[in-house]
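These notes are about the structure you will find just below.
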Amino acid sequence: MNVAVKPEKINIEPPLAGKLSLVTGSTSGIGLGIARALAAAGSDIVLNGFGQLDEVAQAQAQIAADFMVRVAYSAADMSNPLAIREMIETILRASGRLDILVNNAGIQHVAPLQDFPPEKWDAILAINLSSAFHTTRLALPSMLENKWGRIINIASAHGLVASPFKSAYVAAKHGIVGLTKVTALETAEHGITCNAICPGYVYTPLVEAQIEGQAKAHGVAREQVIRDVLLAQQPNKRFATVEELGALAVFLASAAAASITGVALPVDGGWTAH
C-alpha cells in the first residue's frame, strides 16, 4: 500500500530580505519600477523624488501592501548637496545601514549647443551626475563598515553614444559611466559592486505623452512616431519596460552578481551595437 507523505514546507527567503535600498527619482517611471522590483525581492525601500504628497503616499502604501516591506520617503532635492547629505544621514540614523543605492534621478533639455541655456546645463549636471557623486560618497562609509554594498547607476545609451541637441544629458551620462568605473575600482576588495544600467527608450507615462505630442504635432500615426522617431536607433523596434530594468537591478544587487562590477550594461535593443 502506498502511503502519501506530506511534503515538508520550505521557506525560501527573498534574495534581498534584510536589505535597505534607496532609489533616487523613484516617485514615478523607471525609478518607481526599480523600487517595486527591489521590494518584491524583499528589500525595504526609501523612495525619493518630487510629486504630489498624496500620490507619493499612495505609492508608498501600495509597495508596502504588495510586498510586505517597509517603505519610507525623502523629498530631498537632488540638485542640493546639503539636502542629499541630510537624506543619507537620516536614513543611517533611522536604519543603521544603507545596502543598495540606485542613482536614478534625472532631467532632460534638448537644444542646439549655441542655444543651450547655461542654467539648464548646470541643472542637468547637478541632478544627473553630481547627485550620484554625493549619494555615493555619503553611502560608502556604511557599506565599507558592513563589507557589503551595491551601487547601481542608471545611465543611458547616451552614456555610451551621443545624439545631437542633448549636450548636457550626454555629458552627464558619460560622466556617470566614468564615475561607475572609478567607484568599482576603489571598492572592489570590500564586498561592494558598482555598475551602470544604460537604457534606450523605456516605456513610461512621460514617453506616452511624448508619443501623443509628436503624433499631433506632425499629423502622423502613433505607430509611425514610435518606429521612425523615438525608436529609430533601436534595432528591435520596441521599448524596454520598467519591469525589465527592475529585474536587472535586482540581479545586480544579488549574490549572483558579486563578481560583476565596473560595467555599463546596455538595455537598448541593440542601439549601441551599431
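The number of heavy-atom neighbours closer than 6.0 Å to CD of E119, taken from other residues, nucleotides and ligands shown, is above 12. Environment of CG in L53: sparse, with no more than 12 heavy atoms of neighbouring residues, nucleotides or ligands closer than 6.0 Å. Within 6.0 Å of atom NZ in K237, more than 12 heavy atoms from other residues, nucleotides or ligands are found, so the atom counts as buried in its surroundings.
Under the side-chain contact (heavy atoms from CB on, under 4.5 Å) test applied with I197, the options V263, V102, L248 reduce to a single match, L248.
No donor-acceptor pair closer than 3.5 Å links the side chain of T193 to the backbone N or O of R150. With K181 contributing its side chain and N195 its backbone, the two residues share no donor-acceptor pair below 3.5 Å. Looking at T183, its side chain never comes within 3.5 Å of a backbone N or O of C194 through a donor-acceptor pair. In this structure a side-chain-to-backbone donor-acceptor pair under 3.5 Å is present from N146 to S142. The backbone N or O of G49 sits less than 3.5 Å from a side-chain atom of Y73, completing a donor-acceptor pair. Counting only distance, with no hydrogens or angles, the side chain of S95 and the backbone of R97 share no donor-acceptor pair below 3.5 Å. Not one N or O on the side chain of D99 forms a donor-acceptor pair closer than 3.5 Å with the backbone of G149. With hydrogens and angles disregarded, a donor-acceptor distance shorter than 3.5 Å links the side chain of D268 to the backbone of G270. Distance alone, capped at 3.5 Å, places no donor-acceptor pair between the Q214 side chain and the V225 backbone. Proximity of a side-chain donor or acceptor of T24 to a complementary backbone N or O of N104 within less than 3.5 Å is detected.
Ionic pairing of E212 and K216 is not present here: no N-O contact between side-chain nitrogen and carboxylate oxygen is shorter than 4.0 angstrom. The pair D44-K19 fails the salt-bridge criterion, with no side-chain N (NZ, NE, NH1 or NH2) lying under 4.0 Å from an Asp/Glu carboxylate O. Checked for salt-bridge contact, R238 and E244 meet the test: a charged N lies under 4.0 Å from a carboxylate O. Under a 4.0 Å N-O distance rule, the pair E208/R222 qualifies as a salt bridge.
Taking every heavy atom of both residues into account, I192 and M143 meet most closely at CD1-CB, 3.7 Å. The minimum heavy-atom distance between V242 and G33, with the atom names listed, is CB-CA, 4.2 Å. Considering every non-hydrogen atom in both A132 and T136, the closest pair reads O-OG1, 2.7 Å. Contact record, C198 with V177: SG-CG2, 4.4 Å, taken as the closest heavy-atom pair. Of all the heavy atoms in A35 and L47, the pair that sits closest is CB-CD2, 3.7 Å. For A172 against N128, the heavy-atom pair with the smallest separation is CB-CB, 3.7 Å.
For the pair L179/N103, no side-chain contact is recorded, criterion being any heavy-atom separation below 4.5 Å from C-beta on. Here the side chains of F133 and I176 are not in contact, with every heavy-atom distance at 4.5 Å or above. Taking the side chain as every heavy atom from C-beta outward, I154 and I34 approach each other to under 4.5 Å. Looking at L38 and V23, their side chains come closer than 4.5 Å, going by heavy atoms from C-beta outward.
Rounded to the nearest 0.5 Å, atoms CE (M78) and CD1 (I84) are 4.0 Å apart. The line from CD of Q58 to CD of Q60 is 11.0 Å long, rounded to the nearest 0.5 Å. Atom NE2 of residue H134 and atom CE of residue M87 lie 11.0 Å apart, to the nearest 0.5 angstrom.
Under 3.5 Å, the side chains of S21 and S43 contain a donor-acceptor pair of N or O atoms. A donor atom on one side chain and an acceptor atom on the other are not found under 3.5 Å apart for S26 and N48. Checked by atom type, the side-chain pair T180/N153 shows a donor-acceptor distance below 3.5 Å.
Aromatic ring orientation, W271 versus Y201: parallel (interplanar angle below 30°, classes split at 30° and 60°).
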Notebook entry, point to check: Between L230 and I211, does a side-chain contact (heavy atoms from CB on, under 4.5 Å) hold up when you go through it step by step?
Noted result: CA-CA 8 Å; L230 297 185; I211 294 168; 3.5 Å; yes
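Residues F116 and H109 bring their aromatic ring centres within 6.0 Å.
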